[in-house]
There are 2 protein chains.
Amino acid sequence: MIASDSSRQRSIKNGSERAEHLAGLIMALARREGMRAGDRLIEQRLADALDLSRAPIRLGLKALEAAGLARGEPHRGFVLAKNPTSGAAQPALAAVRRNEQVYATIAGDVLASRLPADITEAELMRRYGLSRAELQRLLDRIAAEGWIARLPGYGWRFAETISSPEAQAQAKAFRAVIEPAAIAQPGFALPQEVIVRLRERQQRVFEGELERMTIGEIFHSGCEFHEEIIRGAGNPFFLEALKRVNSIRRLFAYRSFADRDGMRRHVREHLRLLDVLETRRYTEAAELMAKHLQRPLVAGLS
Amino acid sequence: MIASDSSRQRSIKNGSERAEHLAGLIMALARREGMRAGDRLIEQRLADALDLSRAPIRLGLKALEAAGLARGEPHRGFVLAKNPTSGAAQPALAAVRRNEQVYATIAGDVLASRLPADITEAELMRRYGLSRAELQRLLDRIAAEGWIARLPGYGWRFAETISSPEAQAQAKAFRAVIEPAAIAQPGFALPQEVIVRLRERQQRVFEGELERMTIGEIFHSGCEFHEEIIRGAGNPFFLEALKRVNSIRRLFAYRSFADRDGMRRHVREHLRLLDVLETRRYTEAAELMAKHLQRPLVAGLS
DNA sequence: GATTGTATATTGTTGCATAAAAGAACAATC
DNA sequence: GATTGTTCTTTTATGCAACAATATACAATC
């Protein structure tokens, strides 16, 4: 439906923060794409991938250079200086946006029911020391993720979804319905190149990268995998529904610990699923997916 | 999850417009609740039902009185003056919000692909003659409904969902998956009072009110029915997903003509479904729902 | 005891000026 | 021929003050 994960982060006062954020986006992209040290970072291509124009990309690249993650020469553009490992991406994001922290804090407070279900903007501004503009942006983002909504009068209301302790189980139950069903849809089809790309990534994760990934990255990768597959149904409602669930699951994910062994098994199942999908045995694939989603994975990723 | 249908409409310059809007909300509520001429309109109760405080309700009531739809006496509050029929609710809404019109226009333009997928706010302001604030509000609403999203840079992108000609069929396919599945969920249960309320409403519609309802109202009533039922699964993700689909289906609904006979049959199926649900034969109910959703209904309501 | 009337405090909106960010076009370079 | 460098235009954000709407508390009335 709509790529919602690249939710924008403006409202930066300190110019360099914005640049570092962009740098982070670029590194994350490079990582996902499996780029290595020495690969060229072509402005237009990055811009297209991130739905931006070259101007902001440029800022990001300069920030990367300043952080020693990229090297640039006049008229020859930039080149990755280091393999974009998890660790490498961090420094660029060292100036973790305050907004990002506040976001996490709010999420935590809601999960722990430290906030009332109904709350005014003014109250939120006071509690978290935000300006109106900052709060606005934050609320927009949260609303887009679906766990808050305006009341008709003053104030906002947090969704039950997230505050409920059973939310995690409910998300699972929901996915267990839509994901296999999507695969079983009449027109389901996954282009070969998508399968190849997905297999590559899962393979990379399986073969060691897992150890170097943060929980957030692992989770993101899992979401991407499942979203790509559900996309095969060609029905955006399935995709959109999954994205929403995932954006809420992400909130829990941060508080779960990493069970690397479970994850490894998990990724193996992903690979197995790809094999079945490749041969177009969709009924079987749907069943496999159903089983995959039933498996209780401690870390809450799938 | 979150009651999103009472999307607020502020930004009114002409004070009375806001009041008339509120009046409309009150009448619509009275209608849904099956109130009759002579029934009291208790401020606090209306306020609770509409998630507002008494102050705005009061404005609405006064507007209703001015429109001759309610009678008020000092210290005795207001009383419905007429049965809240579809026609009666109209005059109060005569000053149909310009925003509402623009909303409809945009929806139409997107459906007809008269707008590019990516577009800037400035462009939208020019095209539809809106102030930034007005547009902002509109975009927020549309974003909440899920058919537009910000790009990371400048501009917004319309969802594929809505512009696709198959969207209608896709929405149907999606519902055909989640609604029966929700009923089949382990913990599914529908409180008796909900069944009673739903039956009452459907009964009312079946016994003639149908003829006097607008397409919009018929559609709304159908959505509410299905949403109440899916709520029985106790899993907000199902409910939320259905709400989203419905908010998009509503866009199509306005352009479909009314097939009163088909609708009558349709409502009969609703009543039948309630009977089965009442006896807790959920497996059977799920099957019934699946069939119900397969039936090709011209008017695109369900 | 519930509901309405009224006054007051709080909350959110609008428009505007300034500043910052992003996009687009084209020349320069590899 | 693709990519980078540079410049210019357009678009959007931000903070602020005046204003409008909503919420709340309590008294008055039924």
Side-chain angles (χ1 to χ4, degrees), chain A residues 8-19 21-22 40-48 50-62 72-79 118-126 130-137 139-140 150-156, chain B residues 8-19 21-22 40-48 50-62 72-79 118-126 130-137 139-140 150-156:
Chain A
R8 77 137 145 248
Q9 295 298 338
R10 293 245 211 78
S11 83
I12 305 302
K13 291 108 181 217
N14 177 346
S16 96
E17 266 197 43
R18 170 77 182 149
H21 178 225
L22 289 162
R40 285 189 69 186
L41 295 163
I42 292 160
E43 294 185 0
Q44 191 61 57
R45 213 163 302 162
L46 296 173
D48 291 345
L50 295 175
D51 270 324
L52 281 162
S53 68
R54 280 174 52 211
I57 295 298
R58 205 143 235 283
L59 287 181
L61 288 172
K62 283 188 184 146
E73 284 182 60
H75 293 288
R76 212 159 307 185
F78 293 84
V79 155
D118 291 9
I119 194 163
T120 63
E121 293 181 12
E123 176 66 16
L124 287 168
M125 285 165 64
R126 276 192 297 266
L130 298 169
S131 75
R132 237 257 143 55
E134 289 171 320
L135 180 64
Q136 209 89 273
R137 192 168 305 289
L139 287 173
D140 278 357
R150 299 194 92 104
L151 291 169
Y154 290 160
W156 296 71
Chain B
R8 78 137 145 246
Q9 295 299 337
R10 291 243 210 80
S11 84
I12 305 302
K13 291 112 182 210
N14 178 347
S16 96
E17 266 195 43
R18 170 77 182 148
H21 178 224
L22 289 162
R40 284 189 72 184
L41 295 163
I42 292 161
E43 293 184 2
Q44 192 60 57
R45 214 163 300 162
L46 296 174
D48 291 345
L50 296 174
D51 269 325
L52 280 163
S53 68
R54 281 173 51 209
I57 294 298
R58 205 144 235 281
L59 288 180
L61 287 172
K62 283 188 186 147
E73 282 182 66
H75 293 287
R76 213 159 308 185
F78 292 84
V79 156
D118 291 9
I119 194 163
T120 64
E121 292 180 11
E123 176 64 18
L124 286 168
M125 284 164 64
R126 277 192 298 268
L130 298 169
S131 75
R132 219 215 180 78
E134 288 171 321
L135 179 64
Q136 209 88 272
R137 190 168 306 290
L139 288 173
D140 279 358
R150 302 194 89 104
L151 291 170
Y154 291 160
W156 295 70

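Residue numbering restarts at 1 for every chain, and letters A, B, ... go by the order of the sequence lines.
Looking at the side chain of B:H75, the nearest of the listed nucleotides C:dG23, C:dT13, C:dG5 is C:dG5. Listed candidates were C:dG15, D:dC30, C:dA22. Nearest to the side chain of A:L59 is C:dA22. Of all nucleotides listed (C:dG5, D:dT11, C:dT3), C:dT3 comes nearest to the side chain of B:R40. Comparing C:dT11, D:dG15, C:dG15 by their closest approach to the side chain of A:A133 singles out D:dG15. Closest to the side chain of A:L52, from the set C:dT3, D:dT4, C:dG23, is C:dG23.
Between A:R132 and D:dC16, a side-chain N or O to OP1/OP2 separation shorter than 4.0 Å is absent. At least one side-chain nitrogen or oxygen of B:R137 sits closer than 4.0 Å to the OP1 or OP2 atom of C:dT14. For the OP1/OP2 pair of C:dA22 and a distance below 4.0 Å, the side-chain nitrogens and oxygens of A:S53 include no atom meeting the criterion.
Rounding to the nearest 0.5 Å places CD of A:Q44 at 9.5 Å from CG of A:L46.
Remark: A:R45 engages no residue in a side chain to side chain donor-acceptor pair (under 3.5 Å) (not counting sequence neighbours). Partners of A:A122 according to the side-chain contact (heavy atoms from CB on, under 4.5 Å) rule, which considers only residues two or more places apart in sequence or in another chain, are A:T120, A:R126.
Residue B:R150 contributes atom CZ, which lies 13 Å from atom C1' of C:dA21 at whole-angstrom precision. Summarising the geometry, the separation between CZ on A:R45 and P on D:dA2 is reported as 11 Å, rounded to the nearest angstrom. In this structure, CG of A:D48 is placed 14 Å from P of D:dA2, rounded to the nearest angstrom. Atom P of nucleotide D:dT3 and atom CD1 of A:I42 are separated by 5 Å, given to the nearest angstrom. The nearest whole Å value for the distance from the CD atom in A:E134 to the P atom in D:dG15 is 7 Å. Counting to the nearest Å, the C1' atom of D:dT3 and the CD1 atom of A:I57 are 15 Å from each other. Distance A:Q44 CD to C:dA25 C1': 12 Å, rounded to the nearest Å. Atom-to-atom, CH2 of A:W156 to P of D:dA23 comes out at 15 Å; the value is rounded to the nearest Å.
At the heavy-atom level, A:R58 lies under 4.0 Å from base atoms of the strands shown. As judged by a 4.0 angstrom heavy-atom cut-off over every strand, A:A55 is placed among the base-contacting residues. Within 4.0 Å (heavy atoms only), A:L41 reaches sugar-phosphate atoms of the nucleic acid but no base atom.
You'll find the side chain of B:R40 stays beyond 4.5 Å of the side chain of B:R76, heavy atoms only. Two residues are said to be in side-chain contact when any heavy atoms from C-beta on lie closer than 4.5 Å; A:L50 and A:I57 meet this criterion. You'll find the side chain of B:E134 stays beyond 4.5 Å of the side chain of B:M125, heavy atoms only.
Residue side chain A:Y154 does not reach the base of D:dT22 through any donor-acceptor N/O pair under 3.5 Å, judged by distance alone. One donor-acceptor pair, N or O on each side, does fall under 3.5 Å between the base of D:dG5 and the side chain of A:R54.
Residues A:R126 and A:R76 each lie close to DNA chain C; by heavy-atom proximity, the contact nearer the 5' end of the strand is made by A:R126.
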